[in-house]
Structure formats: structure tokens, C-alpha cells
Amino acid sequence: MPPQKLKKKNVMVAGLLIYLAVIAYLAYPRYAQKGDFTEYFLVIGVTLVAIVILWFLQTFRDRYRNKMNNKNDGKNDNRKLPEE
């Protein structure tokens with residue numbers, strides 16, 4: 001079985017999750033020193049929600065685009081090409 005090509009949206013979401021993990025790791029000592037983790041976890045949570053929303057929006061956009069492309073495949077396109 002040949003390997004499947006990774007979709008652009010999945011690569012982007014994976015990159016954002018890796019970026020979030022690195023930034024969270026780098027910021028942890030600062031919040032551990034203060035002992036106040038409320039802001040730390042709030043920022044991580046809001047960022048995760050934003051990444052999930054982005055993934056869903058891209059998924060719905062792709063589904064809608066595919067639906068419109070399939071719908072237009074069977075129709076005759078009667079538009080005229082511009083004449084030179």
C-alpha cells in the first residue's frame with residue numbers, strides 16, 4: 001500500500017501544535033517561579049481552541065469546495081471565451 005500524501009491543513013495544524021508545545025515548554029519556568037498557572041493554562045487552552053476551530057473551518061471549506069466541484073462537473077459551461 002503506497003503512503004498517503006499528507007493534507008496541507010493537517011501539516012499546518014501539526015506545525016501549530018508543535019509550536020504551541022515548544023512555547024509552552026519555554027514559558028513554563030517563568031510561571032513555575034511565580035506559582036501562578038492560571039494565565040499559563042488559559043493561554044494554552046485558548047490557543048488549542050483556536051487551532052481546533054481553524055482545523056474545522058478548513059475541513060468544512062474543503063468539503064464545500066469538493067461539493068461545488070462535483071456539482072459543476074456534469075453541467076455544460078456555455079460561457080464564451082473572450083475573443084482576441
Flag yes if V13 and V52 sit in one hydrophobic cluster, no otherwise; membership is Ile, Leu, Val, Met, Phe, Trp, Tyr, and two members link when side-chain heavy atoms are under 4.5 Å apart.
yes
Report whether Y40 and I23 are members of the same hydrophobic cluster (ILVMFWY, side-chain heavy atoms less than 4.5 Å apart, transitive linking).
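The answer is no; the residues belong to distinct hydrophobic clusters.
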Hey, could you give me the [atom1]/[atom2] distance between [X] and [Y], rounded to the nearest 0.5 Å?
| X | Y | atom1 | atom2 | answer |
| --- | --- | --- | --- | --- |
| W55 | L17 | CH2 | CG | 12.0 Å |
| F41 | L48 | CZ | CG | 11.5 Å |
| I51 | M12 | CD1 | CE | 9.5 Å |
| E39 | R30 | CD | CZ | 6.5 Å |
| D62 | N69 | CG | CG | 10.5 Å |

Quick check: are there more than 12 heavy atoms from other residues, nucleotides or ligands sitting under 6.0 Å from NZ of K67?
no
Within a reach of under 6.0 Å around CZ of F37, are more than 12 heavy atoms found that belong to other residues, nucleotides or ligands?
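Atom CZ in F37 is packed in, count exceeds 12.
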Could you walk me through whether K8 and Q58 pass the side chain to side chain contact (heavy atoms under 4.5 Å, CB included) check?
CA-CA 10 Å; K8 183 179 176 182; Q58 289 178 330; over 6 Å; no
I'd like to know whether L26 forms a side chain to side chain contact (heavy atoms under 4.5 Å, CB included) with V22, so could you lay out the CA-CA distance, the side-chain angles of the two residues, the decisive distance to 0.1 Å, and finally the verdict.
CA-CA 6 Å; L26 293 174; V22 169; 4.0 Å; yes
What do the steps show when you test L16 against L54 for side chain to side chain contact (heavy atoms under 4.5 Å, CB included), and what is the final call?
CA-CA 11 Å; L16 288 172; L54 177 66; 3.8 Å; yes
